[in-house]
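For reference, the structure is listed below as structure tokens.
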Amino acid sequence: MTEQEATLDPIAAEGAPLRVWQRVPQGWIEFRSFGDRSPQEWLDWYLVSAEGWLPDAARDAIVDGFRAGVELFADTAFAFAGVSLTLGERPAAFFLCTNVVPGAAETDAAATAFHRLLPLARFGEGGRSESFTTPDGRVGTITLGASADGGMPHLTAVGEIRLPGGAGTAVVMGLCSDPQQSAELALHVAFALTTTQALPEGVEPAEPEPAAT
């Protein structure tokens, strides 16, 4: 998976303000965080790579969808929100929203179990929860289940993990338009959780250090 970077304005936290950083898949369409660009500047930058091959109808659909997404997430507390589109034999849209809850390194993260229990209660026996381990040894949890809210069958996922250095907790909510792609949705959520960092101003993101053995 190829990545690009996304940044956010500082978030409130104890001590120095933090900025949230995350890698996203190539082709990612962001709705919430545009760095130093305006939404229109970001869209213009995004569409440059499509010049010469993207059909006009597809371009218009991306523009309309982008503007609707920006409006939808404008007043939310999400650090990042957007969609990754896959084509080919199994086309699908993967929507992801990331929220970061700042916290001190010694903060007990037991409350984040709420994010696992709520989807299980909603999906009942159709929901499942699985864990994964990041290269630096942190353990994250993802809960997935099928839904037909809005009249369209889809998959929903909620994942959570402690941030590096105990800076807080990252929570990612995901949705996939294809109910048969649960493994792919879990991979998208796990990737977002693994790469999310909350950093003081002036500190650049780094690749996770392998856990000590």
Side-chain angles (χ1 to χ4, degrees), residues 1-6 8 20-33 46 58 61-62 65-66 68-70 72-73 76-101 109 112-136 138-163 169-197 208:
M1 182 179 291
T2 304
E3 307 93 33
Q4 61 186 28
E5 297 180 7
L8 178 72
V20 180
W21 182 93
Q22 183 184 80
R23 291 191 186 277
V24 294
Q26 184 177 10
W28 174 260
I29 302 175
E30 176 66 30
F31 298 144
R32 182 71 182 88
S33 176
Y46 181 87
I62 289 175
F66 173 80
V70 169
L72 178 65
F73 289 99
T76 67
F78 292 114
F80 307 97
V83 62
S84 176
L85 304 175
T86 60
L87 305 176
E89 296 182 358
R90 305 177 67 199
F94 295 87
F95 295 89
L96 298 178
C97 303
T98 301
N99 191 27
V100 169
V101 181
T112 61
F114 169 80
H115 298 288
R116 299 193 292 270
L117 296 176
L118 180 60
L120 285 175
R122 177 180 180 184
F123 300 131
E125 295 182 358
R128 75 176 194 273
S129 186
E130 54 191 55
S131 62
F132 65 95
T133 303
T134 65
D136 57 356
R138 292 174 294 131
V139 177
T141 302
I142 302 172
T143 300
L144 303 98
S147 176
D149 291 351
M152 183 188 74
H154 59 272
L155 286 171
T156 302
V158 177
E160 59 89 10
I161 197 169
R162 293 291 287 171
L163 292 169
T169 300
V171 179
V172 172
M173 286 167 278
L175 182 150
C176 177
S177 60
D178 182 355
Q180 303 304 314
Q181 297 197 40
S182 60
E184 290 82 353
L185 178 58
L187 180 61
H188 275 73
V189 173
F191 180 81
L193 290 168
T194 298
T195 63
T196 300
Q197 300 180 44

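In this structure, Ser177 and His154 have side chains that are not in contact, with every pair of non-hydrogen atoms separated by 4.5 Å or more. A 4.5 Å side-chain heavy-atom check between Glu130 and Leu144 finds at least one atom pair inside the cut-off. Residues Thr194 and Pro135 have side chains in contact (heavy-atom distance under 4.5 Å, counting atoms from C-beta outward). The side-chain heavy atoms of Phe80 and Leu96, taken from C-beta on, include no pair separated by under 4.5 Å. For the pair Cys176/Glu184, no side-chain contact is recorded, criterion being any heavy-atom separation below 4.5 Å from C-beta on.
Of the possible donor and acceptor atoms, one in the side chain of Gln181 sits under 3.5 Å from a partner among the backbone N and O of Arg90. Between the side chain of Gln197 and the main chain of Val20, no donor-acceptor pair closer than 3.5 Å is present. Counting only distance, with no hydrogens or angles, the side chain of Arg32 and the backbone of Phe78 share a donor-acceptor pair below 3.5 Å. The backbone N or O of Trp28 lies less than 3.5 Å from no partner atom in the side chain of Tyr46, so there is not a single donor-acceptor pair.
Ring geometry for Phe73 versus Phe31: interplanar angle under 30°, hence parallel rather than tilted (30 to 60°).
The shortest heavy-atom contact between Val83 and Ala93 is CG2-CB, 4.1 Å. Taking every heavy atom of both residues into account, Ala170 and Thr196 meet most closely at CB-CG2, 4.1 Å. Between Ala192 and Val172, the shortest heavy-atom contact is CB-CG2, 4.1 Å. Contact between Val189 and Ala157 at its shortest, heavy atoms only, is CG2-CB, 4.1 Å. When all heavy atoms of Arg138 and Leu163 are compared, the pair lying nearest together is NH1-CA, 3.9 Å. Here the closest heavy-atom approach between residue Ile29 and residue Phe66 is recorded as CG2-CD1, 3.9 Å.
Rounding to the nearest 0.5 angstrom, the gap separating the CZ atom in Phe95 from the CG atom in Leu85 is 7.5 Å. Between the CG atom in Leu175 and the CG atom in Leu185 there is a gap of 7.5 Å [rounded to 0.5 Å]. Considering OG1 of Thr86 and CG of Asp178, their distance stands at 8.0 Å, rounded to 0.5 Å.
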Applying side-chain contact (heavy atoms from CB on, under 4.5 Å) to Val24 and Ser84, what does each step give before you reach the verdict?
CA-CA 9 Å; Val24 294; Ser84 176; over 6 Å; no
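Side-chain N/O atoms of Gln22 and Thr195 include no donor and acceptor closer than 3.5 Å.
Contacts of Asn99 classified as side chain to side chain donor-acceptor pair (under 3.5 Å), with partners at least two apart in sequence or in another chain: none.
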